[in-house]
There are 2 protein chains.
Amino acid sequence: MAGRDCQDGNEGRAVRELLDRIGDKWSLLVIGTLRQGPLRFGELQQQVGGISQRMLTLTLRHLERDGLATRTVFAEVPPRVEYELTALGRTLIPLVGALAEWAASNHLLIDANRARFDAAR
Amino acid sequence: MAGRDCQDGNEGRAVRELLDRIGDKWSLLVIGTLRQGPLRFGELQQQVGGISQRMLTLTLRHLERDGLATRTVFAEVPPRVEYELTALGRTLIPLVGALAEWAASNHLLIDANRARFDAAR
DNA sequence: CGGTATCCCTCGTGATACTG
DNA sequence: CAGTATCACGAGGGATACCG
């Protein structure tokens with residue numbers, strides 16, 4: 001199946017659409033953070049690190065809209081809201097893992113290439 | 001190795017940096033297009049589809065800078081320039097493939113979720 | 001606690017024109 | 001053919017303040 005739609009056109013569109021969905025600044029990070037289980041809004045913000053309240057809200061709404069995560073409100077005081085990956089969202093975990101692994105393995109190499117390239121010009 | 005640096009902090013940074021590099025609008029698409037072998041600037045622009053000359057140039061410089069692709073100029077008339085993935089760049093092909101496959105398998109499902117979500121509000 | 005609303009500014013991107 | 005230069009626009013995203 002990976003080899004069938006390799007006539008540039010279809011694969012390109014598929015990748016493009018995926019990037020439009022989770023290729024933004026925070027989606028993959030939030031998905032990665034949720035991989036171990038449900039988290040509250042505040043915990044999520046703290047663990048992702050560096051994300052503003054606004055962007056976390058927007059990202060979560062986006063994931064919810066795409067059916068990648070669920071939002072559960074508990075009628076308590078103080079209010080508690082938990083977010084959790086759906087089954088579909090969990091299918092992305094291996095991809096995020098692969099990306100993270102690639103990044104961890106190669107970022108030093110890339111930094112070296114980049115420094116060399118910058119020095120050469 | 002995938003399970004070692006899962007203390008959110010490191011994995012998060014790694015994914016973030018990877019996204020800063022290839023998470024833009026065109027990088028993954030160009031990498032995917034180059035997977036079969038070297039291409040000239042014009043061929044690349046045509047096969048990627050929808051990318052402006054400017055963005056293709058920027059994207060290619062970016063990939064070159066990170067050591068993911070090479071630029072080869074042939075001293076001919078008319079001028080010919082070919083771009084090709086490096087060994088490092090080729091290690092990304094399986095990831096792009098996995099992403100494309102995931103997107104192809106799930107985009108209908110996501111569209112349905114999205115339609116339902118939009119209808120509910 | 002977990003949002004929403006508003007302001008504001010940077011950056012990515014496209015269009016167009018010009019060059020070697 | 002394969003770029004570079006310039007402009008101009010709109011979305012992305014941070015900061016802040018307020019709400020249930």
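A quick note: this is a predicted structure, and the numbers were derived from the prediction, not measured. Just so it is clear: chains get the letters A, B, ... in the order the sequence lines come, proteins before strands, and each one is counted from 1.
Computed from coordinates, the B:Asp24 CG to D:dG12 P distance equals 15 Å when rounded to whole Å. One atom, CZ of A:Phe41, and another, P of C:dT4, lie 8 Å apart when rounded to the nearest Å. What separates CG of B:Leu60 from C1' of D:dT4 is a distance of 14 Å, to the nearest Å. Whole-Å rounding puts the B:Glu64 CD to D:dG3 C1' distance at 13 Å. In this structure, B:Leu29 atom CG and C:dT13 atom P are separated by 12 Å, rounded to whole Å. One can place CE of B:Met55 at 15 Å from C1' of D:dT4, the figure rounded to the nearest angstrom. The CD atom of B:Glu43 sits 11 Å away from the P atom of D:dC1 (whole-angstrom rounding). Here the C1' atom of nucleotide D:dC1 and the CG atom of B:Leu39 are 15 Å apart, to the nearest Å.
Between the A:Thr86 side chain and the A:Gly67 main chain, a donor and an acceptor come within less than 3.5 Å of each other.
Taking for each of A:Pro79 and A:Ser52 the nucleotide of DNA chain D with the nearest heavy atom, the 5'-most of the two is the partner of A:Ser52. Taking for each of A:Lys25 and A:Gln53 the nucleotide of DNA chain D with the nearest heavy atom, the 5'-most of the two is the partner of A:Lys25.
Of all nucleotides listed (D:dG14, C:dT4, C:dC1), C:dT4 comes nearest to the side chain of A:Arg61. Out of C:dT6, D:dC1, C:dT13, the shortest distance to the side chain of A:Arg54 is found at C:dT6. You'll find that the side chain of A:Pro78 is closest to C:dC1, out of C:dG2, D:dG3, C:dC1. Here C:dG2 is the nucleotide among D:dA2, C:dT13, C:dG2 with the atom lying nearest to any side-chain atom of A:Arg71.
A heavy-atom distance below 4.5 Å is not found between the side chains of A:Val73 and A:Pro79. Two residues are said to be in side-chain contact when any heavy atoms from C-beta on lie closer than 4.5 Å; A:Asn106 and B:Leu92 fail this criterion. Side-chain contact check for B:Leu29 versus A:Arg16: some heavy-atom pair is nearer than 4.5 Å.
Using a 4.0 Å heavy-atom criterion, one finds that B:Tyr83 contacts the sugar-phosphate atoms exclusively.
Among B:Glu64, B:Arg71, B:Glu43, B:Arg40, the one residue that satisfies the side-chain hydrogen bond (donor to acceptor under 3.5 Å, both in side chains) test with B:Tyr83 is B:Arg71.
An OP1 or OP2 oxygen of C:dG2 is reached within less than 4.0 angstrom by a side-chain nitrogen or oxygen of A:Arg40.
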